[in-house]
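Take a look at the structure below.
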There are 2 protein chains.
Amino acid sequence: MRNVVYFRNVAQTKRTLKGKKTTIHEIAKALNTTASTVSRALNNNPRISEETRKKVIKMARKLGYEPNSMAASLRRGHSKIIGIIVPYADRIFFSSVIRGIEEEVKKSGYNVIICQSYEKLENEIEDVNALMSAQVAGIIISISRETNKFEHLQKVMNKDKPLVLFDRTTEAINTSSVAIDDFQGAYTSVKHLVENGYKRIAFFSGNKKVSIFRERFRGYQAAMRDSNLPILEEYVIEVPSEVEEGKAVTKKLMSLQSPPDAICSCSDFSALGAMKWLTENNYKVPEEVGIVGFGNDPFTQYLEPTMTSVDQKSKDMGKTAAQVFLEQLEGKNSIARKVLLNPELVTRASSQKLSIGKSEV
Amino acid sequence: MRNVVYFRNVAQTKRTLKGKKTTIHEIAKALNTTASTVSRALNNNPRISEETRKKVIKMARKLGYEPNSMAASLRRGHSKIIGIIVPYADRIFFSSVIRGIEEEVKKSGYNVIICQSYEKLENEIEDVNALMSAQVAGIIISISRETNKFEHLQKVMNKDKPLVLFDRTTEAINTSSVAIDDFQGAYTSVKHLVENGYKRIAFFSGNKKVSIFRERFRGYQAAMRDSNLPILEEYVIEVPSEVEEGKAVTKKLMSLQSPPDAICSCSDFSALGAMKWLTENNYKVPEEVGIVGFGNDPFTQYLEPTMTSVDQKSKDMGKTAAQVFLEQLEGKNSIARKVLLNPELVTRASSQKLSIGKSEV
DNA sequence: TAAAATTGCGCAATCGTTTACGCATAAATG
DNA sequence: CATTTATGCGTAAACGATTGCGCAATTTTA
């Protein structure tokens, strides 16, 4: 089952010019000075004359000097590398956050090293160890679903290294975090549905053990209450974030005596399942049933009808996490920050039975 | 425009236990031996007795020893970190490859550090420098569209560090690469369309300056020729990978005197544009026009109709790139390998006007 | 049983920087 | 003009591991 069509082996140019990598010592020797002067010149230390600095830089270039940041890091006690741990690096949400972080920290000369926990606590712990061993400047992490112990994270803090949680946060350790306001996300979704004339609004919940899902559920409850709508027990269902699950649940929901006329979901995928089942069974979306997803996965904009969804501001989240991290790193404040970002409801066709073209009631 | 709802500042526990990180020297002292013995014991050096090894490991654990891999790397001359450079880390294709690489190299104790070139040669060069400075073991890269000089990559090779290209490769430097067989991908797509009864097959090409697109075009040509179908000049169009572009081009195509009855696209997005325009204008897909995309982006499976597309084997590609890299690293062969993976045509509804339910003509 | 090989471990150099100290010389201050 | 203060740079000790070399003690081989 090797997926290889053909290998082609090409003789490779013998690498000859072994060129002994040049260090600051060579530069010093060439300039008849010492390594300390060179180091200082290269690091813009004010205690060096402009003249010397110029000469050093010139010679460095001439000799093709390339700094060894590992040696520097060893001496300094930490590197300019930031560890990131996510459950999966190829989920659009996480890869987008990663991109946001990378963009932001690069400005300050940092790089990021990526680890995946695959939702396993065990992997997460190993990753933390590997990162600490690599002497990262600190860690930015979205904890795995499984994580219920936090010694490994506490250890990071004990070493005085910045630790920033994002999206999947916890109150169990006292450190900075960045997340979206999940309550607000769900609240806005429901309000939007109400404004568009839907009244019997079902809720696809997530695992209530996870705080972000509890928050979203609270948002749903509050919005329903504020809209003077009843919260029916049979309308609130825990649905895994899968298309098929969404289909199955929708089928059940629609066979109730009094089926819902809208679905507010905690996941784009279960929302998609709902939409698929409905259209396959000749229900009109959004005319008969309105749908709002959560996550604003790219696919939502390509569906027919296009799907309204809550955007989680992933890139912003990355950027903000990076900022909080760097702030912590500069050591300005040893105070834990809890940042909540505003989610954005991206309204599309699936939730607007009224006034197609207009925006609100 | 700061997207912050509220900050909450929480007093942070004063970190007291400064605990002087323990090194192999402390372990040695505690055991009344030397650092070399400890180092050897910890690294499974055969020249150490099992008894001593046991004692060392026990003491290491007791003292909460954590290795400083930077010190080790400095001594060794390279770290156990692999640099990855991609145009964008949040594109599903790249993030998927990254995941594949990470999964594979982790087994050998390596970590990956991610850089983004944003399709700029300038960034790519800077990234290479940063990675070299960080003393990475080597680099795995998908070059930017802009990259037309290769000194920065040659430099990596000159330092005897493995360099592996993936997807976006080049013949300009003599190093290993992993890509899919783009010719085959397009060829199979067209053959599939022919087998499903389509004859007037248009081709959405990419930028012909890029080799992967040239290959795909060759695949299209060959398949048409092998099927005894004419290649009409007006059916071959260079279309940027955008939904709107796909729409516009399709509109033009369908207003030809003799419009195509199928579209083979080099991009899922332009293919989606085609499909959107067609359904919006009351053409039936796949009955009147068949469509095949390229990339197998996740959204293709959620469309209505579901879209046939060529899967680029991104995770496999990552895995393979990692394997080739590690092989190169072990230094077994200083021979450049050019690996081509087989793409996989994922057949769905958009390309099968015949025999819905059956598989072939 | 003498010679050779193996085992187990210590010594000390090394990887390439950074940085606390110290010491001149020059400039600023009173 | 005598003190400070500032400027510019060298000395040498880290940072924490790895490893070639050497030397006993033990085991194997002939």
Side-chain angles (χ1 to χ4, degrees), chain A residues 18-57 59-60 63-81 109 130 132-137 159, chain B residues 18-57 59-60 63-81 109 132-137 159-160:
Chain A
K18 269 287 181 194
K20 289 311 292 169
K21 50 182 104 182
T22 66
T23 72
I24 53 173
H25 288 102
E26 338 289 345
I27 303 181
K29 199 166 296 172
L31 254 35
N32 204 28
T33 173
T34 69
S36 24
T37 301
V38 175
S39 172
R40 282 191 265 253
L42 259 22
N43 288 299
N44 293 324
N45 185 310
R47 298 286 289 273
I48 230 78
S49 73
E50 267 318 304
E51 191 189 9
T52 310
R53 193 188 312 284
K54 288 263 173 61
K55 273 198 287 190
V56 167
I57 291 177
M59 183 57 75
L63 298 183
Y65 169 71
E66 284 171 5
N68 183 329
S69 59
M70 244 170 21
S73 302
L74 173 60
R75 179 59 227 260
R76 257 189 284 107
H78 62 265
S79 70
K80 296 209 90 177
I81 298 177
M132 296 304 283
S133 172
Q135 310 301 117
V136 294
K159 296 241 158 144
Chain B
K18 271 285 179 191
K20 289 310 295 166
K21 49 183 100 179
T22 66
T23 73
I24 54 173
H25 289 100
E26 340 287 346
I27 302 180
K29 201 168 296 173
L31 253 36
N32 205 28
T33 174
T34 68
S36 18
T37 301
V38 175
S39 171
R40 284 192 262 252
L42 259 22
N43 288 300
N44 294 322
N45 185 311
R47 297 286 290 274
I48 232 76
S49 73
E50 267 318 303
E51 191 189 10
T52 310
R53 193 189 310 284
K54 287 265 172 60
K55 273 198 286 191
V56 167
I57 290 177
M59 181 58 75
L63 297 184
Y65 169 71
E66 284 171 6
N68 182 329
S69 57
M70 248 173 16
S73 303
L74 174 59
R75 180 60 227 264
R76 256 189 285 107
H78 61 264
S79 70
K80 296 208 89 177
I81 299 178
M132 295 304 284
S133 173
Q135 309 301 118
V136 294
K159 295 240 158 145
D160 262 331

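Being a predicted model, the structure only gives us computed values, none of them experimental. Naming: A, B, ... by sequence-line order, numbering from 1 per chain.
- Listed nucleotides D:dT7, C:dT19, D:dG16 differ in distance to A:Arg47; the shortest reach to its side chain belongs to D:dT7.
- When heavy atoms are screened at a 4.0 angstrom cut-off, B:Thr33 is found touching the sugar-phosphate backbone but no base atom.
- Side-chain proximity of B:Ser39 to the nucleotides C:dT19, D:dT19, C:dG16 is greatest for D:dT19.
- Nearest heavy-atom pair across B:Ala41 and B:Ile48 is CA-CG2, 4.1 Å.
- Looking at every heavy atom in both residues, A:Lys21 comes nearest to A:Glu26 through O-OE2, 4.1 Å.
- The backbone N or O of A:Ser133 sits less than 3.5 Å from a side-chain atom of B:Ser69, completing a donor-acceptor pair.
- The side chain of A:Thr23 lies closest to C:dT17, out of C:dT17, D:dA17, D:dG10.
- Minimum atom distance to the side chain of B:Tyr65 is reached by D:dA17, of the listed C:dC21, C:dC9, D:dA17.
- If you measure from atom CG of B:Leu42 to atom P of D:dG16, you get 15 Å, rounded to the nearest angstrom.
- One interatomic measurement links the two molecules: NE2 of B:His25 to P of C:dC9, which rounds to 17 Å at whole-angstrom precision.
- Out of D:dA17, C:dC11, D:dG10, the shortest distance to the side chain of B:Ala72 is found at D:dA17.
- A salt bridge is defined here as a Lys NZ or Arg NE, NH1 or NH2 lying under 4.0 Å from an Asp or Glu carboxylate O, and B:Arg53 with B:Glu50 meets this definition.
- With distances taken from any side-chain atom of A:Ile24 to the nucleotides C:dC9, D:dA17, C:dT17, the minimum falls on C:dT17.
- The nearest whole Å value for the distance from the CD atom in A:Gln135 to the P atom in D:dG16 is 8 Å.
- Between B:Ala137 and B:Ser79, the closest heavy-atom pair is CB-O, 3.5 Å.
- Between the CG atom of A:Asn68 and the P atom of D:dG16 there is a distance of 16 Å, rounded to whole Å.
- Two residues, A:Arg76 and A:Met70, neighbour DNA chain C, and the one matched to the more 5' nucleotide by heavy-atom proximity is A:Met70.
- Among the protein residues, A:Ser49 comes within range of the sugar-phosphate backbone only, with heavy atoms under 4.0 Å from sugar or phosphate atoms but none that close to a base.
- For B:Ser36, counting side-chain heavy atoms from C-beta on, the closest listed nucleotide (C:dG10, C:dC21, D:dA17) is C:dG10.
- Atom P of nucleotide D:dG16 and atom CD1 of B:Ile27 are separated by 13 Å, given to the nearest angstrom.
- Backbone-only engagement by A:Thr52 is indicated by non-hydrogen atom pairs under 4.0 Å involving sugar-phosphate atoms exclusively.
- In this structure, the CD1 atom of A:Ile48 is 14 Å from the C1' atom of D:dA6, given to the nearest Å.
- Going from atom CG of A:Asn45 over to atom C1' of D:dA6 covers 14 Å, rounded to whole Å.
- Closest approach to the A:Leu74 side chain among D:dC9, D:dT19, D:dG16 is made by D:dG16 (side chain taken as heavy atoms from C-beta onward).
- Residues A:Thr22 and A:Leu63 approach most closely at CG2-O, 3.2 Å, considering heavy atoms.
- In terms of phosphate contacts, A:Thr34 brings no side-chain nitrogen or oxygen within less than 4.0 Å of OP1 or OP2 of D:dT11.
- Checked by distance alone, B:Arg53 brings no side-chain donor or acceptor within 3.5 Å of a matching partner on the base of C:dG8.
- To the nearest angstrom, C1' of C:dG16 lies 15 Å from CG of A:Leu63.
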